[in-house]
Amino acid sequence: MDLKFTAEEEAFRTEVLDFLRERLPQRIAEKVRNGRHLTRDDMATWHATLNEKGWLANHWPKEYGGPGWTAVQKFIFENECAIAGAPRIVPFGVNMLGPVLIKYGSEEQKRYWLPRILNGADWWCQGYSEPGAGSDLASVRTTAQRQGDHYIVNGQKTWTTLGHYANMIFCLVRTATDVRKQEGISFLLVDMNTPGIEVRPIVTLDGEHEVNEVFFTDVRVPAANLVGKENKGWTYAKYLLTYERTNIAGVGFSVAALARLKRAARKLTRNGKPLADDPQFAARMAKVEIDLENMKTTNLRVIAAVAGGGVPGAESSMLKIRGTEIRQEISSLLRRAMGPYAAPFAEEALEEGYAGEAIGPDEAARAAAQYFNNRKLSIFGGSNEIQKNIISKMILGL
Ligand SMILES: Cc1cc2nc3c(=O)[nH]c(=O)nc-3n(C[C@H](O)[C@H](O)[C@H](O)COP(=O)(O)OP(=O)(O)OC[C@H]3O[C@@H](n4cnc5c(N)ncnc54)[C@H](O)[C@@H]3O)c2cc1C
């Protein structure tokens, strides 16, 4: 198996790097690099820039506006973007709903919704999880009862990321109860501005408002917003999850985070010496770097297999576990390196253009908050324990 990039792939990388140099606003990259707040507008600006180039929906087929890239090109693009400090593509519309509509939506739904994902007319969020239905997702209890041309939706979703920015939510809803639980689920597109919807913030351990609870009380949803067939939503839900786990290893994010950690470890001193020279700290940094190199190789092996027509199976679960463990270890080391500077000190210091006195190095901003925030990595997209279950079933047959 050849893990080296071809000359064409290296040329593609150069094209991506040139684009990032010309079009990624340094103001935004600087925020990403130092963990500062990104506004809704920052994220929308980056989406619009990618869309203009035709690179936003980079895994959609060409006929729907994708660039027609190979798995290797997508890997190169995603990693170079992360290393350059580009904001992540908000996944809900582009990476999750788009592929489901392309595969299972009606022609009319594709014609209407797909261009709106690309041009930013709609901001989507994901209404899967509920209290009592996370790992055991098929236990969703939010109901949708058909009344004429509408469904009437009642229930609650939770952990809805960026739901406070969204005008649309795609939901798993229960449309039948007298069958096996997987067979009574439907996939519904809901306008967040419909009467009866209430979004309440959940403030997480890092003090941020990123996730929400969404409540539905007698919400009328046009039956035309049902994707595919009634009670077949579980099939579409699982298809979407395979996209949610794409590139979840996040090699580029780890490379960028490790660079930030190294910068900080050279700048900060303990007993008059750079922290990077402390043998214990240096050993932990070296270990995580070796782990990252190993994971990169595994990731490339999986991509080479996909490029050769294979389908990633247990490997994507392995990548999810290792990738998130590595990201968590790097954020733990950064927090440790910063010592007291890692703790939040002045809220306004996290905003762009803060002119007050800086406390600690630039790399310190939000180091503790990011450490706490990164705890989520081993939970969402299927928790790491669930990934281990998948591996044991697929490889060990348990
Ligand atoms: C920051 C964040 C953002 C999120 N964003 C969204 C979103 O936008 N939309 C959305 O729908 N959901 C979202 N989620 C929800 C996420 O998908 C769930 O948290 C996840 O599926 C786990 O479900 P749970 O929280 O209900 O935990 P539970 O399923 O209750 O699990 C609790 C613990 O038990 C373990 N466990 C459960 N079952 C098993 C088993 N069979 N074997 C071994 N261990 C097991 C789990 O690994 C976990 O450690 C988000 C979550 C977080 C933390």
Side-chain angles (χ1 to χ4, degrees), residues 38 40 43 88-98 100 122-142 153 155-174 181-182 185-190 192 197 199-216 227 233-234 236-246 248 250 253 314 317 320-321 324-325 327-328 331 366 369-394 396 398:
L38 284 179
R40 185 188 194 284
M43 296 183 242
R88 69 168 190 155
I89 292 175
V90 181
F92 308 109
V94 179
N95 294 354
M96 297 185 186
L97 181 63
V100 170
D122 293 321
W123 184 300
W124 286 90
C125 63
Q126 180 187 22
Y128 270 29
S129 304
E130 296 180 6
S135 303
D136 182 16
L137 187 57
S139 291
V140 287
R141 282 182 304 181
T142 295
V153 178
Q156 181 196 344
K157 295 291 170 184
T158 193
W159 301 118
T160 320
T161 302
L162 302 184
H164 51 304
Y165 289 163
N167 67 312
M168 292 297 300
I169 180 168
F170 54 86
C171 289
L172 294 185
V173 289
R174 184 149 299 285
K181 59 186 179 181
Q182 287 82 355
I185 294 172
S186 298
F187 195 107
L188 207 54
L189 312 177
V190 183
M192 297 280 279
I197 296 186
V199 179
R200 291 188 204 155
I202 300 175
V203 175
T204 40
L205 207 54
D206 54 351
E208 294 291 329
H209 174 201
E210 184 183 35
V211 287
N212 303 271
E213 296 175 290
V214 183
F215 294 85
F216 300 81
V227 175
W234 187 243
Y236 320 145
K238 284 191 300 182
Y239 181 71
L240 181 146
L241 286 176
T242 62
Y243 276 90
E244 185 169 359
R245 287 173 199 150
T246 305
I248 208 147
F253 292 112
S317 295
K320 201 256 161 170
I321 296 170
T324 54
E325 283 173 350
R327 286 175 71 186
Q328 288 181 336
S331 65
R366 296 193 79 234
Q370 282 194 329
Y371 164 79
F372 287 126
N373 190 279
N374 277 352
R375 302 302 96 196
K376 73 186 176 191
L377 298 174
S378 45
I379 301 172
F380 66 32
S383 73
N384 284 14
E385 290 77 20
I386 295 296
Q387 302 307 322
K388 286 177 188 169
N389 287 351
I390 294 173
I391 293 171
S392 69
K393 269 195 203 130
M394 292 183 88
L396 306 173
L398 295 175

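Note that ligands are numbered from 1 as they come in the structure, with each ligand's atoms numbered from 1 the same way. Note that this is a predicted model, so its numbers are computed, not measured. Values below: every heavy atom of this structure, side chains too, minus hydrogens, waters and symmetry copies.
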Trainee: Using ring pair (Phe, Tyr, Trp, His ring centres under 6.0 Å) as the criterion, list what pairs up with Phe216, not counting sequence neighbours.
Mentor: none
Trainee: Where the closest heavy atom to atom 9 (N) of ligand 1 is concerned, which of Gln126, Glu130, Glu208 has it?
Mentor: Gln126
Trainee: Would you indicate which of Thr161, Ile386, Asn212, Asn373 comes nearest to atom 45 (C) of ligand 1 when only heavy atoms are counted?
Mentor: Ile386
Trainee: Just jot down the ring pair (Phe, Tyr, Trp, His ring centres under 6.0 Å) partners of Phe215, sequence neighbours excluded, or say none.
Mentor: none
Trainee: Closest by any non-hydrogen atom to atom 43 (C) of ligand 1: pick that one out of Leu377, Asp136, Asn389, Ile379.
Mentor: Asn389
Trainee: Ignoring hydrogens and angles, tell me if any N or O in the side chain of Gln328 forms a donor-acceptor pair with the backbone of Asn374 under 3.5 Å.
Mentor: yes
Trainee: Which option out of Gly134, Ala166, Ser129, Ser135 puts a heavy atom nearest to atom 17 (O) of ligand 1?
Mentor: Ser129
Trainee: Heavy-atom contacts with Glu385 under 4.0 Å: which atoms of ligand 1 show up? List them by number with element.
Mentor: 43 (C), 44 (N), 46 (C), 47 (O), 49 (O)
Trainee: Can you check side chain to side chain contact (heavy atoms under 4.5 Å, CB included) on Val190 and Met168, steps first, answer last?
Mentor: CA-CA 6 Å; Val190 183; Met168 292 297 300; 5.8 Å; no
Trainee: How close do Ser139 and Lys181 get, counting heavy atoms only, and between which atoms?
Mentor: OG-NZ, 3.2 Å
Trainee: Just jot down the ligand 1 atoms closer than 4.0 angstrom to any heavy atom of Lys376, in number order.
Mentor: 1 (C)
Trainee: Considering only heavy atoms of Tyr128, which atoms of ligand 1 have at least one such atom less than 4.0 Å away?
Mentor: 11 (O)
Trainee: List ligand 1 atoms under 4.0 Å from Ser383, heavy atoms only on the residue side.
Mentor: 46 (C), 47 (O)
Trainee: When you measure from the side chain of Thr142 to the backbone of Gln156, do you find a donor-acceptor pair of N or O atoms at a distance under 3.5 Å?
Mentor: yes
